[in-house]
A.B. asks: 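First the structure, which I've put down as structure tokens, then a few questions once you've had a look.
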Amino acid sequence: MAQGASFPYEEVAEIGGGAYGTVYKARDTESGKFVALKSVRVQTDQDGLPISTVREVALLKRLEQFDHPNVVRLMDVCAIQRTDSETKVTLVFEHVDQDLKTYLEKAPAPGLSQDRIKDLMRQLLCGLGFLHSNRVMHRDLKPENVLVTSGGQVKLADFGLARIYSCHMALTPVVVTLWYRPPEVLLGSSYATPVDIWSTGCIFAEMFRRKPLFCGESEMDQLGKIFQVIGLPSEEEWPKDVTITRKQFLPPNHPPITNFVPELSEQGAELLLEMLTFDPLQRISALNALEHEYLKEEETADTEGSTREGDAIP
Amino acid sequence: MLHPSLLPLLLKKVAAVVWGGNSWSSAVIMARTGFCDSKPLLDLHKKAEERRPALRAWANSSEPKDRRHPPEGEEPRRGQKVEPECKWERRLPVSIKEGNITGYYESDLTAWVGLSYELLYHQGLESLLRREVEKAMEKLDLTWDRACAWDMFEHMMKNQYRNAFASAELPRPFTDTTRAVLVDWLIQVHEMLHFQDETLYLAISLMNRGLRQIKVSTVNLQLLGVVCLFLAAKKEECLVPEVSELCYLMDNGYTKKQLLRMERRVLSGLQFDLSHCSPLDFLLFTASIARCSAKVVWMARYLLELSLLEGECVVYLPMQLAGAVLCLARRVLQEPPTPDGDAAWCIASIIYIGSETTLLRIMHILAGAAAKAHGQENRGTFVKYSSALTMHVSSHPVLQNVSCLLPAYLKWPESLVVLASHEKIAEAWVPQRLDEDLKL
């Protein structure tokens, strides 16, 4: 890695081969604090840095001004030229030790309490609502990039990166998990911010189950698994502009959602189904989800609820 | 629609809503500096009874006969909080908070306005200001959803503090003169490339930051300017010039490689932060609320563009520059006043921040700049604004000696007293104020 006086970070460890390249944990040599470094190599032709990179990174910087509590801090950006035709742009994010995946794995036996789940969901939706109202979509939301600080604060990471990377790294053979992808993406239809709500729904279910809701092995398999839970959409709902046809799936008689997420309350199930709505235009928005009865419910009432349910589980 | 004598009161009330107290001085300032000229300052002689209904009526746009009794469901309730929906923790003081209302009660203004109607006024006027702000934001495409308009406005108001510099001083060896030469050249290049005005303001803002944050030699000053324009175009424009074209514009004095290296330096130096709170947005926004005529807006735009050339202007907030150019444009054009126009002007003045001294100082700087531009026909801005499209504003004869229309700002010792209270108002927006006034 090209490092100079202008790049005051020393790598400590590799923390993940993310879909878009390696992420490093590094130390800020000035403050001693840990940071997460994410680099992207962009092709710089004769006109300098691509417009899309300039705009997307500037957008991430602009989001910083709002200082949103549920969004990971972007602390620094460096542009270093590697060759005549390539510049490495490094984004320096605050480092949070734990993601939701490990948080769920580490949770003691009966799993998270109802209260805790509600709190995490509120924070997640709050961060997402903020991004969406600033026209940023995440596109790759999954437990690995929902960070949870030691104080229990949720911070979304890796948002907006999808667009920065995809423009210039379309050819990289990456394996991206399908499990949190909404039907419109799997079907190859057009998509927008509702993709993140679908992923949030999957994560919501996973908080109860402590294992993913839909673990498809291929795109068709993933769609099949989805329809087993939400039912096969009607012919009218099926998007017109896709090659995969509805007939390719068996119309299963799907059991109620609570079979898959047993501890879910009635209102919780309602919210989950609104998030896992097949038609992206009908899917609930982040801000509306925050207003949902399930999340608005008084803390005290559901504390009792969760203890009772907690007791019920051996 | 509204009786003219109520304007000052209205102004005062809404200012109280927005800033929480201390509105007295702002009303005085607005009146003094022409923000609500041609109207009596404060109408203290009317009975409170007479004032209340009309004010309420206007605020809620209800029929005159409804005056005495507020419509159902709008009963004034003490302690009722009018809070816009919170998406996350709200830290801005624009919305009515308990503290502000309490602060207001404690001020001496309560003496002459009936207490019982206070909250009703607050609600009515806040919604009035809100509606105006939302309409203007939508009209100017500053928001994509009316529901977000007020949030965006609050963000704009808060964010503008990032744009002003603590000091107008430039790092050596640069002077305001060298800077002005560069800005003038950039304005001409910008015009030649048919970019939008937004791009110019962004480019100059990047250049101002670049000059202070990146070490550049005199030789590379022009390169820095061009790169800032190039980056602004990348951010704002659909069509971006080629690097070779830019090099050609600089007589090939620099290589493409040098330009691209400077681009990386600027991006890293500015941390890719290309956000900008444009004074032009504030100008068009304020003018839209104030229902200014097209000619006043063009005149104000001309004066605002001249402010780019004045190194001293970098210490002022976009809102202050916008307010000052609108005041000055009105002074220059002297359009006959209309009651509706004056009412709108007063509403617009509510969102102005800062002291009368600041406003006058900016007006004086720009009056000087306009007179200077008249003498030098080669100035890009002057030429640009002398066209028919811009209603020939730059060649308006009054601009040759507009300073004489303005009061000399140092003559008023009480302005310093006003200043003290305004510092508080400013703090309400953001704790670290960058106001030059204290250095007077």
Side-chain angles (χ1 to χ4, degrees), chain A residues 4 6-7 42 44-71 74-82 84-92 122-123 125-135 164 285-288 290-291, chain B residues 85-92 143-145 147-148 151-152 154-156 158-163 202 206 214 226-227 230-247 255-277:
Chain A
S6 60
F7 193 81
V42 291
T44 38
D45 51 10
Q46 65 230 15
D47 288 320
L49 274 177
I51 294 175
S52 52
T53 311
V54 171
R55 287 189 185 170
E56 294 301 329
V57 179
L59 179 62
L60 291 185
K61 278 303 280 189
R62 200 180 77 83
L63 292 183
E64 270 308 288
Q65 294 170 7
F66 293 86
D67 203 22
H68 195 279
N70 302 120
V71 153
L74 172 62
M75 300 159 77
D76 196 0
V77 189
C78 308
I80 298 159
Q81 188 178 33
R82 291 174 59 91
D84 270 352
S85 62
E86 195 179 271
T87 297
K88 189 161 95 172
V89 178
T90 305
L91 304 167
V92 183
R122 271 190 214 109
Q123 294 190 53
L125 286 165
C126 193
L128 207 54
F130 163 74
L131 293 178
H132 288 176
S133 59
N134 281 286
R135 302 188 205 189
I164 296 178
S285 73
L287 295 179
N288 286 338
L290 276 171
E291 294 294 308
Chain B
E85 71 287 5
C86 287
K87 292 205 186 105
W88 65 87
E89 189 200 354
R90 193 172 286 278
R91 271 159 267 165
L92 294 166
T143 178
W144 51 91
D145 177 6
C148 299
D151 280 347
M152 295 302 291
E154 285 185 332
H155 179 69
M156 248 174 91
K158 185 184 163 211
N159 201 37
Q160 61 176 322
Y161 288 90
R162 302 164 57 95
N163 253 65
L202 175 59
L206 295 178
I214 305 161
V226 155
V227 162
F230 187 43
L231 284 173
K234 281 188 175 181
K235 172 109 189 297
E236 301 289 338
E237 300 287 337
C238 308
L239 286 172
V240 175
E242 283 178 13
V243 172
S244 52
E245 196 182 345
L246 294 172
C247 288
T255 63
K256 288 204 267 184
K257 216 170 172 175
Q258 279 177 304
L259 196 147
L260 294 179
R261 194 186 307 141
M262 182 60 92
E263 181 189 61
R264 276 193 307 278
R265 278 186 66 197
V266 174
L267 279 174
S268 290
L270 301 182
Q271 288 278 293
F272 278 75
D273 184 357
L274 307 183
S275 61
H276 167 58
C277 210

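Numbers restart at 1 for each chain; the letters A, B, ... are given by sequence-line order, proteins then strands. Below, each value reflects all heavy atoms present in this structure, side chains not excepted, and no hydrogens, waters or symmetry copies.
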A.B. asks: Donor-acceptor pair, B:Arg264 side chain versus A:Ile80 backbone, under 3.5 Å?
C.D. replies: no

A.B. asks: Quick check for you: to the nearest 0.5 Å, what is the distance between A:Gln81 atom CD and B:Ser268 atom OG?
C.D. replies: 11.0 Å

A.B. asks: Keeping A:Asp47 on the side-chain end and B:Glu242 on the backbone end, is there a donor-acceptor pair under 3.5 Å?
C.D. replies: no

A.B. asks: Rounded to the nearest 0.5 Å, how far apart are NZ of B:Lys235 and CZ of A:Arg62?
C.D. replies: 7.5 Å

A.B. asks: What part of B:Glu237 is in contact with chain A, defined as an atom under 4.5 angstrom from a non-hydrogen atom: side chain, backbone, both or neither?
C.D. replies: backbone

A.B. asks: With respect to B:Phe272, which candidate in A:Leu49, A:Leu60, A:Leu91 satisfies the side chain to side chain contact (heavy atoms under 4.5 Å, CB included) definition?
C.D. replies: A:Leu49

A.B. asks: Can you tell if the side chain of B:His155 reaches within under 4.5 Å of the side chain of A:Gln65, non-hydrogen atoms only?
C.D. replies: yes

A.B. asks: Against chain A, label B:Leu267 side chain, backbone, both or neither, depending on which of its atoms sit under 4.5 Å from a heavy atom there.
C.D. replies: side chain

